[in-house]
Amino acid sequence: MNQQLTIPKGTRDFNPEQVLKREFIFQTLKNVFTKYGFVPIETPVMEMLSTLLGKYGDEGDKLLFKILNSGDFTQNISNDEWNEKNLQKLSMKLCEKGLRYDLTVPFARYVVMHRNEIVFPFKRYQIQPVWRADRPQKGRYREFYQCDVDIIGTDSLNGEVELLHIIQDVFQSLNLGYITFINNRKILQGLAEQCEIENHFVKFTTIIDKLDKIGKDEVYAELLQLPIQAKHLENLKVFLNQFLELTTNDDRILLAKSYIQSNTGKIGINEIETILQKSNQIGLNSIKFDILLARGLNYYTGTILEVKSTEVEIGSICGGGRYDNLTGIFGLPNVSGVGMSFGADRIYDIMDTLHRFPENLTHPIHVFVANFIPEIEYKVLHIASLLRTNQINVDFFYDPHIKLKKQLSIANQKNILWVLIIGEEEIQKEQYLLKNMKTGEQYLLSLQEVIEKIKLS
RNA sequence: GUGGUCGUAGCUCAGCUGGUUAGAGCGCCAGAUUGUGGCUCUGGAGGUCGCCGGUUCGAGUCCGGUCUUCCACCCCA
């Protein structure tokens with residue numbers, strides 16, 4: 001019968017109901033982004049490997065999907081190179097393009113290429129799929145959408161505040177509980193300096209970042225892997241323990257101020273303080289200063305933030321931060337930006353498990369027009385078309401030889417609320433039978449009344 | 001990338017220690033008189049037991065490989 005059909009690992013098909021739900025999320029995001037003055041761009045699904053490689057660390061490079069060159073590319077490869085079997089090296093010869101891994105790096109490339117036509121500060125949003133050759137698991141796919149908002153070309157902290165505002169707007173619009181964790185890479189830098197391990201900063205941040213997952217004792221244990229002096233570790237422990245016991249942002253800032261001595265660290269704390277003050281003034285809430293938030297991506301240099309659901313355990317649903325030099329790698333230095341990315345697929349999973357999608361979303365067809373008498377088919381079709389000109393979504397049944405019984409059953413399966421039944425008598429009287437499939441009630445109405453009734457429901 | 005895990009009708013699953021024509025519920029299709037669905041009743045269709053190979057007289061059931069699913073690590077949305 002069927003041959004073995006399958007789709008690649010970590011990818012998914014979406015049925016009509018799922019697409020409608022996903023589009024609801026995308027539309028909500030777009031509406032909010034637009035409200036805050038952001039404009040959309042799109043970039044190709046593939047980029048040159050040279051723009052992608054080296055931007056996500058060694059781990060990230062491995063997760064890139066590479067695209068085989070077209071043409072007879074084997075000509076350029078010597079027998080020695082084949083025999084060497086150095087996959088890494090060989091793939092660079094065979095592939096010059098790759099699927100994008102995120103939207104931030106393509107955006108940086110876009111900014112550099114279009115710098116002369118862009119008006120800075122540039123506020124863009126971008127909603128497109130990205131691909132990672134990761135091992136799939138729950139909330140983790142090889143193809144998924146990112147919904148990015150970035151402000152580039154200003155180092156004003158108002159950028160951060162606006163992003164926090166957007167987060168609140170989005171999750172309130174979606175009716176989801178959330179909490180935003182905020183920190184600053186400069187504070188982490190300060191901590192590292194104070195412990196004299198600034199040369200192991202990346203390792204330090206990844207360990208710190210695991211706190212909510214493995215607990216503080218494990219974190220302290222892992223910190224021993226670093227060449228950290230005992231007295232520094234002891235001090236750090238005391239500080240972190242105190243910090244975690246405090247619940248308000250104000251107290252946490254006060255404590256951080258008293259502990260962190262390095263200049264960079266102090267700048268970071270001041271930034272956080274300013275952002276939180278401003279956020280407070282405009283009534284933003286659910287923001288928590290969390291000194292252990294680190295985030296993996298190396299290009300962040302200032303503020304970092306991460307949003308989690310308070311209702312479903314699924315990892316972060318939005319994350320971002322400030323990068324002072326993202327375009328520097330492409331030859332345009334000193335352009336500061338701040339941005340974040342919403343994980344639409346995870347938001348979908350949360351909303352689906354909590355049944356938070358609007359009820360009528362998945363039933364976009366308003367009325368099913370039955371068609372069961374061949375002789376008057378053209379008249380029924382005409383009525384269907386009149387309904388459509390009145391902004392009513394109409395499903396018209398194609399085959400007049402199929403029994404009404406069957407047609408009603410189809411309307412029922414399609415979950416359509418209204419069925420319009422039109423026979424010879426109805427045509428003659430210009431009164432049509434409108435049936436409510438939920439209640440079973442039927443009304444004999446004029447066309448105008450039919451339109452009103454459907455629109456009211 | 002490392003270590004586990006799952007895979008039987010459209011869906012959710014059952015199938016004891018290998019043994020005759022592989023089952024259930026739901027769904028689907030057709031009827032219960034010709035212009036009325038959802039409930040009920042009756043009947044029916046549908047599976048190369050993920051794929052490839054091996055052990056065996058004989059495998060859905062054991063072994064190996066492979067693909068897929070889910071999970072932990074890594075990393076991340």
Side-chain angles (χ1 to χ4, degrees), chain A residues 1-12 15 25 29 56-64 87-88 101-104 127-148 202-203 205-207 209-210 213-214 218 222 294-298 300 305-309 314-320 340-350 368 370-373 376 380 397 400-427 432-442 444:
Chain A
M1 200 178 74
N2 288 339
Q3 62 187 106
Q4 246 76 47
L5 292 178
T6 144
I7 55 175
K9 185 196 285 209
T11 64
R12 297 154 295 164
N15 65 32
I25 294 174
L29 291 170
Y56 310 104
D58 290 343
E59 290 296 324
D61 284 355
K62 276 189 241 161
L63 299 180
L64 285 173
L87 212 62
Q88 200 70 18
Y101 176 90
D102 71 357
L103 299 178
T104 308
I127 298 179
Q128 290 190 279
V130 303
W131 293 267
R132 296 182 188 178
D134 220 341
R135 281 248 174 117
Q137 45 182 278
K138 194 164 207 82
R140 183 178 211 172
Y141 308 100
R142 287 188 151 187
E143 176 184 65
F144 63 96
Y145 267 76
Q146 286 196 331
C147 311
D148 276 31
V202 174
K203 180 79 184 157
T205 55
T206 47
I207 295 175
D209 195 41
K210 292 190 210 170
K213 212 166 197 179
I214 60 175
E218 277 294 311
E222 284 201 24
R295 290 194 59 74
L297 292 169
N298 295 325
Y300 293 125
L305 62 89
E306 198 160 280
V307 182
K308 290 196 170 154
S309 166
I314 196 169
S316 66
I317 49 179
C318 174
M340 61 183 175
S341 181
F342 289 85
D345 298 82
R346 285 186 179 174
I347 292 173
Y348 178 98
D349 289 345
I350 292 171
F368 181 95
N371 169 28
F372 57 99
I373 302 170
I376 61 167
V380 176
F397 196 77
H401 302 286
I402 302 292
K403 290 183 212 169
L404 179 61
K405 186 184 172 75
K406 177 67 185 163
Q407 295 194 27
L408 281 167
S409 161
I410 289 171
N412 193 54
Q413 287 178 68
K414 288 191 175 195
N415 240 317
I416 300 173
L417 180 60
W418 297 103
V419 174
L420 193 60
I421 300 170
I422 305 170
E424 275 145 339
E425 204 172 315
E426 282 87 354
I427 292 283
Y432 313 107
L433 198 59
L434 185 65
K435 182 180 175 94
N436 184 317
M437 296 296 278
K438 213 165 183 177
T439 63
E441 290 172 295
Q442 304 191 144
L444 201 56

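We name chains A, B, ... by the order of the sequence lines, and we start the count at 1 in each one. In what follows, every heavy atom counts, from backbone to side chain, and hydrogens, waters and symmetry copies are set aside.
- Going from atom CG of A:Asp134 over to atom P of B:A72 covers 13 Å, rounded to whole Å.
- Side-chain contact between A:Ile410 and A:Lys414 is present, with at least one heavy-atom pair separated by less than 4.5 Å.
- Atom CG in A:Asp134 sits 5.0 Å away from atom CG in A:Leu63 (nearest 0.5 Å).
- Taking atom CD1 of residue A:Ile127 and atom C1' of nucleotide B:A77, one finds them 14 Å apart after rounding to whole Å.
- If you measure from atom CZ of A:Arg132 to atom P of B:C76, you get 8 Å, rounded to the nearest angstrom.
- Ring-to-base geometry does not place A:Phe372 in a stacked arrangement with B:G35 (centre distance under 5.5 Å, plane angle under 30° required).
- Following rounding to the nearest Å, A:Leu404 (CG) and B:G37 (C1') show an atom-to-atom distance of 9 Å.
- B:C75 atom C1' lies 13 Å from atom CD of A:Glu306, rounded to whole Å.
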Could I get a table of every N or O pair under 3.5 Å where one atom is in the protein and the other is in nucleotides 26-30 of chain B?
unit_1, atom_1, unit_2, atom_2, d
B:C29, OP1, A:Lys406, NZ, 3.0

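- Comparing the P positions of B:G3 and B:G15 gives an interatomic distance of 31 Å, to the nearest angstrom.
- As judged by a 4.0 angstrom heavy-atom cut-off over every strand, A:Tyr145 is placed among residues making no nucleic acid contact.
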For nucleotides 38-40 of chain B, give me every protein contact, N/O to N/O, under 3.5 Å, one pair per line with atom names.
unit_1, atom_1, unit_2, atom_2, d
B:G38, O4', A:Asn412, ND2, 3.4
B:G38, N2, A:Lys438, O, 2.8

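- Rounded to whole Å, atom C1' of B:C74 lies 9 Å from atom CG of A:Leu63.
- When the C1' atom is compared between B:C11 and B:G47, the two are found 14 Å apart, to the nearest whole Å.
- Rounded to whole Å, the C1' atom of B:U8 lies 10 Å from the corresponding atom of B:G23.
- The side chain of A:Gln137 contributes no N or O atom lying less than 4.0 Å from OP1 or OP2 of B:U69.
- The backbone N or O of A:Tyr101 sits less than 3.5 Å from a side-chain atom of A:Arg132, completing a donor-acceptor pair.
- Counting heavy atoms from C-beta on, the side chains of A:Phe368 and A:Gln407 come closer than 4.5 Å.
- Checking A:Lys435, A:Gln442, A:Glu441 one by one against A:Thr439, the side chain to side chain donor-acceptor pair (under 3.5 Å) holds for a single residue, A:Glu441.
- When rounded to the nearest whole Å, the span between CD1 of A:Ile410 and P of B:U36 equals 15 Å.
- Between A:Phe342 and A:Ile25 there is no side-chain heavy-atom pair separated by less than 4.5 Å.
- Under the Watson-Crick or G-U wobble criterion, with both distances below 3.5 Å, B:C16 has no partner in any strand shown.
- A:Lys308 comes within 4.0 angstrom of nothing in the nucleic acid, heavy atoms only.
- In this structure, CG in A:Asn436 is found 4.0 Å from CH2 in A:Trp418, a value given to the nearest 0.5 Å.
- Taking CG of A:Leu433 as the reference point, atom CG of A:Leu420 lies at 8.0 Å (rounded to 0.5 Å).
- Positionally, the nearest nucleotide of RNA chain B for A:Ala133 lies more toward the 5' end than for the other of A:Gly343 and A:Ala133.
- Within the model, atoms CD of A:Glu143 and CD1 of A:Ile7 stand 9.0 Å from one another, a figure rounded to the nearest 0.5 Å.
- For A:Tyr101, counting side-chain heavy atoms from C-beta on, the closest listed nucleotide (B:A77, B:U68, B:C75) is B:C75.
- Note: A:Ile350 CD1 to A:Asp345 CG = 11.5 Å, rounded to the nearest 0.5 Å.
- On the P atoms, B:G7 is 11 Å away from B:C62, given to the nearest whole Å.
- Residue contacts for A:Gly320: at a heavy-atom cut-off of 4.0 Å it reaches no nucleic acid atom on any strand shown.
- A heavy-atom distance below 4.5 Å is not found between the side chains of A:Asn415 and A:Met437.
- Within 4.0 Å of A:Glu426, counting heavy atoms only, lies at least one base atom of the nucleic acid.
- Looking at heavy atoms from C-beta onward, A:Tyr145 lies in side-chain contact with A:Pro129 at the 4.5 angstrom threshold.
- If you take atom P in B:U17 and the same atom in B:G43, they sit 35 Å apart, rounded to whole Å.
- Counting any heavy atom pair closer than 4.0 Å across all strands shown, A:Ile347 reaches no nucleic acid atom.
- The nearest whole Å value for the distance from the NZ atom in A:Lys405 to the C1' atom in B:U33 is 11 Å.
- With hydrogens and angles left out, the side chain of A:Arg135 and the base of B:U2 share a donor-acceptor pair within 3.5 Å.
- Toward the 5' end of RNA chain B, the nearer of the two residues A:Glu59 and A:Ile317, judged by each one's closest nucleotide, is A:Glu59.
- Contacts of A:Ile421 with the nucleic acid, taken as non-hydrogen atoms under 4.0 Å apart, include base atoms.
- B:G44 sits 42 Å from B:U55 when the P atoms are compared, rounded to a whole Å.
- Distance from the side chain of A:Lys9 is smallest for B:U69 among the nucleotides B:U36, B:A77, B:U69.
- Set against B:C74, B:C70, B:G35, the side chain of A:Pro136 has B:C70 as its closest nucleotide.
- Using C1' as the reference atom, B:C76 and B:A14 are 39 Å apart when rounded to the nearest Å.
- Comparing B:C67 with B:C6, their C1' atoms sit 13 Å apart, to the nearest whole Å.
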